[in-house]
Q: 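I am attaching a structure below and will ask some questions about it afterwards.
What you see below is based on every heavy atom in this structure, not just the backbone, and it leaves out hydrogens, waters and symmetry mates.
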Amino acid sequence: MHPGCRVEQVYLCRAPIDFRKSIDGLSALVQQELALDPFGSALYVFINRQRNKMKVLYWHRNGFCLWYKRLEAEKFAWPDDGEAATHTLDMAQFEWLLEGFDLWHKGPHKTLHFSSVS
């Protein structure tokens, strides 16, 4: 998100949040409800109920950063409700999510296993 910012994990908060929350409210949510370290080298990603707005919270050296994206005509793909409060992605998957790919309903190509070439 920021040049030189090292990101080890991306955590998607599965449940939609109240988008009036900003840095203080989101960092408290990360620490208290998700039981994660808001000062860690991770991105914490939140979505609104309509799934057309996304907020990303992260810590960079000496302060929190908050990134916001609003889609004008589409919706973000989001993981189905599960038992866990978060879903973990790597940075490549997060970039695909931002580009509009649905990571949960369109899986990768099937793995093929062959015993001979002819």
Side-chain angles (χ1 to χ4, degrees):
M1 303 305 292
H2 184 280
C5 185
R6 186 180 53 122
V7 174
E8 294 177 1
Q9 291 286 347
V10 178
Y11 295 99
L12 305 184
C13 178
R14 287 183 185 263
I17 64 154
D18 177 354
F19 251 53
R20 294 175 291 182
K21 289 184 191 252
S22 193
I23 290 174
D24 293 337
L26 294 175
S27 59
L29 189 148
V30 167
Q31 189 170 43
Q32 296 168 5
E33 293 183 31
L34 304 180
L36 296 169
D37 179 12
F39 304 104
S41 56
L43 302 180
Y44 303 98
V45 184
F46 306 92
I47 198 91
N48 67 337
R49 288 195 190 285
Q50 294 80 23
R51 291 194 355 237
N52 66 337
K53 296 175 186 168
M54 177 185 290
K55 287 186 178 182
V56 181
L57 178 75
Y58 62 100
W59 177 260
H60 182 255
R61 293 186 40 233
N62 56 4
F64 283 107
C65 299
L66 185 61
W67 185 84
Y68 186 110
K69 182 168 184 173
R70 180 183 73 192
L71 296 178
E72 298 301 327
E74 301 287 333
K75 292 182 182 284
F76 289 106
W78 209 248
D80 293 333
D81 289 336
E83 292 186 23
T86 60
H87 184 87
T88 306
L89 300 178
D90 60 33
M91 277 303 290
Q93 292 171 319
F94 180 59
E95 290 173 13
W96 297 335
L97 179 69
L98 289 175
E99 291 298 324
F101 290 97
D102 187 337
L103 304 173
W104 299 276
H105 293 105
K106 298 192 173 102
H109 295 142
K110 294 179 183 175
T111 301
L112 303 176
H113 300 282
F114 295 102
S115 58
S116 68
V117 293
S118 55

Q: Please round to the nearest 0.5 Å and tell me the distance separating atom OG of S41 and atom NE2 of H60.
A: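 Nearest 0.5 Å value for the OG-NE2 distance: 11.5 Å.
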Q: Parallel, tilted or perpendicular: which fits the ring planes of Y68 and F19, with parallel below 30° and perpendicular above 60°?
A: perpendicular
Q: Would a hydrophobic clustering, with Ile, Leu, Val, Met, Phe, Trp and Tyr connected at side-chain separations under 4.5 Å, put F94 with V7?
A: yes
Q: Grouping I, L, V, M, F, W and Y whenever their side-chain heavy atoms are under 4.5 Å apart, do L12 and W96 come out in a common cluster?
A: yes
Q: Tell me, with the steps shown, if I17 and L26 meet side chain to side chain contact (heavy atoms under 4.5 Å, CB included).
A: CA-CA 9 Å; I17 64 154; L26 294 175; 3.3 Å; yes
Q: Starting at CG of L34, measure out to SG of C13 and round the result to the nearest 0.5 Å.
A: 5.0 Å
Q: Looking at Q93 and D90, would you say the former's side chain and the latter's main chain have a donor-acceptor pair under 3.5 Å?
A: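 Checking the backbone N and O of D90 against the side chain of Q93, a donor-acceptor pair under 3.5 Å is found.
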Q: Donor-acceptor pair, Y44 side chain versus K55 backbone, under 3.5 Å?
A: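 No; judged by distance alone, with no hydrogens or angles, the pair does not exist.
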Q: Is there a path of hydrophobic side-chain contacts, each under 4.5 Å between heavy atoms of I/L/V/M/F/W/Y residues, joining W104 to Y11?
A: no
Q: Rounded to the nearest 0.5 Å, how far does CD of Q31 lie from CG of D37?
A: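 Going from CG on D37 over to CD on Q31, the span is 7.0 Å.
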Q: Mind checking the CD1-CG spacing from I47 to N52? Nearest 0.5 Å is all I need.
A: 8.0 Å
Q: Looking only at atom types and distance, does a side-chain atom of W78 sit under 3.5 Å from a main-chain N or O of R14, one as donor and one as acceptor?
A: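 Checked: pair present.
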Q: Are F46 and L36 linked, directly or through other ILVMFWY residues, by side chains that come within less than 4.5 angstrom of each other?
A: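 The answer is yes; both residues are in one hydrophobic cluster.
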Q: Is there a path of hydrophobic side-chain contacts, each under 4.5 Å between heavy atoms of I, L, V, M, F, W or Y residues, that connects V30 with W59?
A: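 V30 clusters together with W59.
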Q: State, to 0.1 Å, how close Q9 and L89 come at their nearest heavy-atom pair, and which atoms those are.
A: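 Looking at all heavy atoms of both residues, the shortest contact is OE1-O, 3.8 Å.
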Q: Could you tell me whether R51 atom CZ has more than 12 heavy atoms of other residues or ligands within 6.0 Å of it?
A: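 Enclosed.
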Q: With salt bridge (Lys or Arg N to Asp or Glu O under 4.0 Å) as the test, pick out the partner of E72 among K75, R70, K69.
A: R70
Q: Please work out which of the three classes, parallel, tilted or perpendicular, describes the rings of F64 and F39, given edges at 30° and 60°.
A: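 The rings of F39 and F64 sit tilted, inter-plane angle from 30° to 60°.
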Q: Without swapping roles, check the side chain of D102 against the backbone of A77 for a donor-acceptor pair under 3.5 Å.
A: no
Q: Evaluate the side-chain proximity of L57 to L29: yes if any heavy-atom separation is below 4.5 Å, no if none is.
A: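 No; the side chains remain at least 4.5 Å from each other.
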